[in-house]
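Data first, discussion second: the structure below is written as structure tokens.
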Amino acid sequence: MNVRAPKGTADMLPDVARAWEYLTRTAQDLFSRYGYEPIYTPLFENTEVFTRGIGEATDIVSKEMYTFLDKGDRSLTLRPEGTASVVRAALEHSLVPQGSSAKLYYSGPMFRYERPQKGRMRQFWQIGVEVLGVAGPSADAEVIVLLVRFFEAVGIPAASMRLLVNSMGDEACRPAYRERISAYIRDHGEQLCEECNRRAVTNPLRAFDCKNPACVAVMAEAPLLRDSLCEECSAHYSTVKAHLDRLGIAYEEAPRLVRGLDYYTRTVFEVQVTEGLGSQNAIGGGGRYDRLMQEYGGPPTPGLGFALGFERTLLAMEAAGVSVPAPARADVYVARVDDSVSESVFTMTAALRDAGVVAELDHQARSLKSQFKQADRLAARLVVIVGPDELAVGEVTLRDMTSKDESRVAIGELVNAVRSRLG
RNA sequence: GUGGGUGUAGCUCAGUUGGUUAGAGCGUCGGACUGUGGCUCCGAAGGUCGCGGGUUCGAGCCCCGUCACCCACCCCA
């Protein structure tokens, strides 16, 4: 039998799992403070949720989805991202009746069939937020600020992050611009790579994403959407930036930032780090998607959100030298001198735990010496030594591992004695 | 899908031009200290040298194949 986890997946061993829980807790605390509520959606959806929402021409849909038929011949897909599911759920359950709004956050694994590399897995974790039913630019700023604050909260220094922002326009101004870019690509077809030539038809804006030096050079001269925004988009974008300025959030305008999902309109943004991520540098990103709900047949409902990647956040934290606080593995270790006292050790440990003390004992009949070593490894502050001598007079020995002081304590007083010494 | 790199103990790695029973450090367990930790010393357990073939008197080392992982391209979290 193949005892390896599938390609592109990883077990989260205790050290990593602890960091994971720390990120989750930090996000839950922070996001709640901003008024977001949790939502959990299925790990798989009917395939069209993604094909319609994310867009047929995107990399995600065209080559990265885990799609399969279930036993009822339904086409299902493991979610490659979170937004489509949340919007689908909001529509299904009418979470955003006309005139109202909802602020939600989610977390969990996403799945994309790609060749794994540093900072990229086939199963990877994201935490994200979605704001539904709010069109105003202050919501954009709130979401961006929240993303930045999260990274700050887990200890990634502002100096090692870059916040990029751009506007993708809307149905009023983007189609015309799209035509201009398409024409521009066709005019320069000779100098551009094959892929970009294809993009002229399928998704011209994505030519800005190409890293081929020749294409980068040509696209650097291409007209920018920023200069073709309609009045409304332009005003929206300006207000978002003004709000960021008010809070002193540093950002860079990135007029060629387009991002890989079709549903974005107006504001898009991305947080990149300079260290630790190999060639991947985005640790979080998102944008506005005012047309998505309608794409699913729902009422016009503006929306926006972000997603951030756990694995990449952890890599960035590591690069920044941030350590995750580790809880005590044991306050008290109850040591067994010989087998005659095993039952007493077991019941005393249980009593301590019932009293809320983090207590540990040896289950393997190891020597007293090795029990002490174990106590040391667990950073236990106290060791209760249970031996036949003490037990004969109804007592145990309590050793303070730091001061090395030892004292006799009556068994009935053990819990109180431990508590008072632990403060 | 394409390219490059690496596979030797639980972990990190040595392993000379192919040559006897494949090593070290860390970790684990035991002992020195017959009921007491962090230091030190001693000892033990632990290995299909990724897998399969081939060359050879002899392969961890050479050849072929295969698998896995890593990194990069594409793109994204």
Side-chain angles (χ1 to χ4, degrees), chain A residues 2-10 13 23 54 57-64 79-83 107-128 147 151 193-196 198-199 203 206 208-213 215 257-261 270-273 277-286 306-316 333 335-341 364-391 396-402 404-406:
Chain A
N2 182 359
V3 291
R4 283 198 183 85
K7 188 182 191 70
T9 67
L13 304 182
L23 290 187
I54 299 169
T58 60
D59 280 13
I60 291 178
V61 170
S62 63
K63 57 184 195 190
E64 295 173 3
R79 62 182 185 190
E81 58 106 48
T83 300
S107 72
M110 306 295 163
F111 307 86
R112 294 183 198 171
Y113 190 87
E114 298 181 275
R115 286 288 281 266
Q117 68 190 68
K118 195 177 186 70
R120 170 191 291 158
M121 300 293 280
R122 288 183 172 180
Q123 174 177 310
F124 60 101
W125 248 260
Q126 287 188 333
I127 277 198
L147 180 61
F151 290 130
C193 71
E194 234 177 278
E195 178 65 26
C196 284
R198 261 199 302 281
R199 282 167 171 150
N203 200 341
R206 293 288 300 291
F208 283 115
D209 265 346
C210 193
K211 282 171 189 159
N212 181 313
C215 299
L257 176 70
V258 292
R259 302 188 52 78
L261 290 76
E270 193 167 295
V271 173
Q272 303 181 345
V273 291
L277 276 185
S279 69
Q280 263 59 50
N281 58 5
I283 54 178
F306 68 67
L308 64 93
F310 266 34
E311 289 85 353
R312 291 185 182 182
T313 300
L314 239 35
L315 287 171
Y333 194 97
R336 185 204 79 261
V337 169
D338 64 37
D339 290 343
S340 72
V341 301
Q364 303 188 89
R366 280 194 283 219
S367 68
L368 188 61
K369 182 192 199 62
S370 87
Q371 293 179 69
F372 266 86
K373 284 185 175 171
Q374 185 63 15
D376 207 46
R377 254 179 250 127
L378 299 177
R381 292 155 65 190
L382 300 171
V383 170
V384 179
I385 302 159
V386 185
D389 299 352
E390 293 94 329
L391 226 44
V396 293
T397 301
L398 192 53
R399 177 182 177 91
D400 183 305
M401 292 295 274
T402 313
K404 301 184 179 181
D405 292 337
E406 290 188 6

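Naming convention: chains lettered A, B, ... in sequence-line order (proteins, then strands); numbering from 1 in each chain.
Interatomic distance, A:Ile127 CD1 to A:Leu23 CG, rounded to the nearest 0.5 Å: 7.0 Å. The structure places CZ of A:Arg399 at 11.0 Å from CG of A:Leu382, a figure rounded to the nearest 0.5 Å. Remark: A:Met121 CE to A:Thr9 OG1 distance equals 6.0 Å, nearest 0.5 Å. Atoms CD and NZ, from A:Gln371 and A:Lys369 in turn, are 12.5 Å apart once rounded to the nearest 0.5 Å. Here the straight-line distance linking atom NZ of A:Lys7 with atom CD of A:Glu114 works out to 12.5 Å at 0.5 Å rounding. To the nearest 0.5 Å, the span separating OH on A:Tyr333 from CD on A:Gln374 amounts to 5.5 Å.
Here B:rA77 presents its P atom at 5 Å from CZ of A:Arg112, a figure rounded to the nearest Å. With rounding to whole Å, A:Leu257 atom CG is found 9 Å from B:rC76 atom P. Put simply, CD on A:Glu81 is 19 Å from P on B:rC75, counting in whole angstrom units. As a whole-Å value, the separation of A:Arg120 CZ from B:rG1 C1' is 13 Å. At whole-Å resolution of the value, CD in A:Glu270 and P in B:rA77 are 7 Å apart. For A:Ile54 and B:rC75, the CD1 to C1' distance is 14 Å, given to the nearest whole Å. Distance, A:Phe111 CZ to B:rA77 P: 16 Å, rounded to whole Å. Regarding A:Ile385, its CD1 atom lies at a distance of 6 Å from the C1' atom of B:rU36, rounded to whole Å.
Evaluation of atom-type donor-acceptor distances gives a pair under 3.5 Å for the side chain of A:Arg312 against the base of B:rC76. A:Gln371 contributes no side-chain N or O that forms a donor-acceptor pair with the base of B:rU36 under 3.5 Å.
With B:rG35, B:rA72, B:rC76 as the choices, the nucleotide that has an atom nearest any side-chain atom of A:Val337 turns out to be B:rG35. Considering only side-chain atoms of A:Glu64, the nucleotide from B:rC75, B:rG35, B:rU36 that sits closest is B:rC75. For A:Glu114, taking side-chain heavy atoms from C-beta onward, the closest of the listed nucleotides B:rG35, B:rC75, B:rC71 is B:rC75.
Residue contacts for A:Arg259: at a heavy-atom cut-off of 4.0 Å it reaches the sugar-phosphate backbone alone, with no base atom in range. Within the nucleic acid shown, A:Lys63 comes within 4.0 Å of at least one base atom, counting heavy atoms only. Across all strands shown, A:Asp389 has heavy atoms under 4.0 Å from base atoms, whether or not it also approaches the sugar-phosphate. Among the atoms of the strands shown, base atoms are found under 4.0 Å from some heavy atom of A:Gly119. Residue A:Ala282 is classed as a sugar-phosphate contact, given heavy-atom separations below 4.0 Å to backbone atoms only. Residue A:Glu311 is classed as having no contact, given no heavy-atom separation below 4.0 Å to the nucleic acid. Heavy atoms of A:Met121 sit under 4.0 angstrom from at least one base atom. Counting non-hydrogen atoms under 4.0 angstrom, A:Glu390 reaches a base of the nucleic acid.
Listed pair A:Arg115 / B:rC75 fails the phosphate criterion, with no side-chain N or O lying under 4.0 Å from OP1 or OP2. Regarding contacts with the backbone of B:rC70, every side-chain N or O of A:Gln117 stays at 4.0 angstrom or more from both OP1 and OP2. The phosphate of B:rU36 has neither OP1 nor OP2 within less than 4.0 Å of any side-chain N or O from A:Lys404.
B:rC74 and B:rG60 have their C1' atoms separated by 38 Å, given to the nearest Å. Annotation: B:rA72 and B:rA45 have their C1' atoms spaced 42 Å apart (nearest Å). The same atom, C1', is picked in B:rC67 and in B:rC13; the two are 23 Å apart, to the nearest Å. B:rC71 and B:rC64 have their P atoms separated by 27 Å, given to the nearest Å. Comparing the C1' positions of B:rU8 and B:rA68 gives an interatomic distance of 16 Å, to the nearest angstrom. Distance check on atom P: B:rG19 versus B:rG65 gives 25 Å, rounded to whole Å. The C1' atoms of B:rA22 and B:rC39 are separated by 32 Å, rounded to the nearest whole Å. Distance noted for atom C1' between B:rA24 and B:rC49: 16 Å (whole Å).
Between A:Phe124 and A:Arg312, every side-chain heavy-atom pair lies at or beyond the 4.5 Å cut-off. Looking at heavy atoms from C-beta onward, A:Arg115 lies out of side-chain contact with A:Arg120 at the 4.5 angstrom threshold. Contact of the A:Val337 side chain with the A:Val386 side chain is not registered, since no non-hydrogen atoms from C-beta on lie closer than 4.5 Å. At least one side-chain heavy atom of A:Leu147 sits under 4.5 Å from a side-chain heavy atom of A:Val271. In this structure, A:Tyr113 and A:Arg122 have side chains that are in contact, with non-hydrogen atoms separated by less than 4.5 Å.
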query: If pairs are Watson-Crick or G-U with both distances under 3.5 Å, what is the dot-bracket string of RNA chain B, marking crossing pairs with [ ] and pairs to another strand with |?
result: (((((((..((((.....[...)))).(((((.......))))).....(((((..]....))))))))))))....
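Within the 3.5 Å criterion, the main-chain N or O of A:Trp125 finds a donor-acceptor partner in the side chain of A:Glu311. In this structure a side-chain-to-backbone donor-acceptor pair under 3.5 Å is present from A:Arg79 to A:Pro109.
In terms of position on RNA chain B, the residue among A:Tyr113 and A:Val271 whose nearest nucleotide sits closer to the 5' end is A:Tyr113.
You can call A:Phe124 stacked on the base of B:rA77; the centres are under 5.5 Å apart and the planes sit within 30°.
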Between protein and nucleotides 27-33 of chain B, what N or O pairs are separated by less than 3.5 Å?
from: B:rU28; atom 1: OP1; to: A:Arg377; atom 2: NE; distance (Å): 2.8
from: B:rU28; atom 1: OP1; to: A:Arg377; atom 2: NH2; distance (Å): 3.3
from: B:rC29; atom 1: OP1; to: A:Arg366; atom 2: NH1; distance (Å): 2.8
from: B:rC29; atom 1: OP2; to: A:Arg377; atom 2: NH2; distance (Å): 3.2

Check the interface with nucleotides 7-9 of chain B: list each N/O to N/O pair with the protein under 3.5 Å, or write none.
none

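Under 3.5 Å, the side chains of A:Glu390 and A:Thr397 contain a donor-acceptor pair of N or O atoms.
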task: Please lay out, stage by stage, how A:Leu308 and A:Phe151 fare under the test side-chain contact (heavy atoms from CB on, under 4.5 Å).
output: CA-CA 9 Å; A:Leu308 64 93; A:Phe151 290 130; 3.9 Å; yes
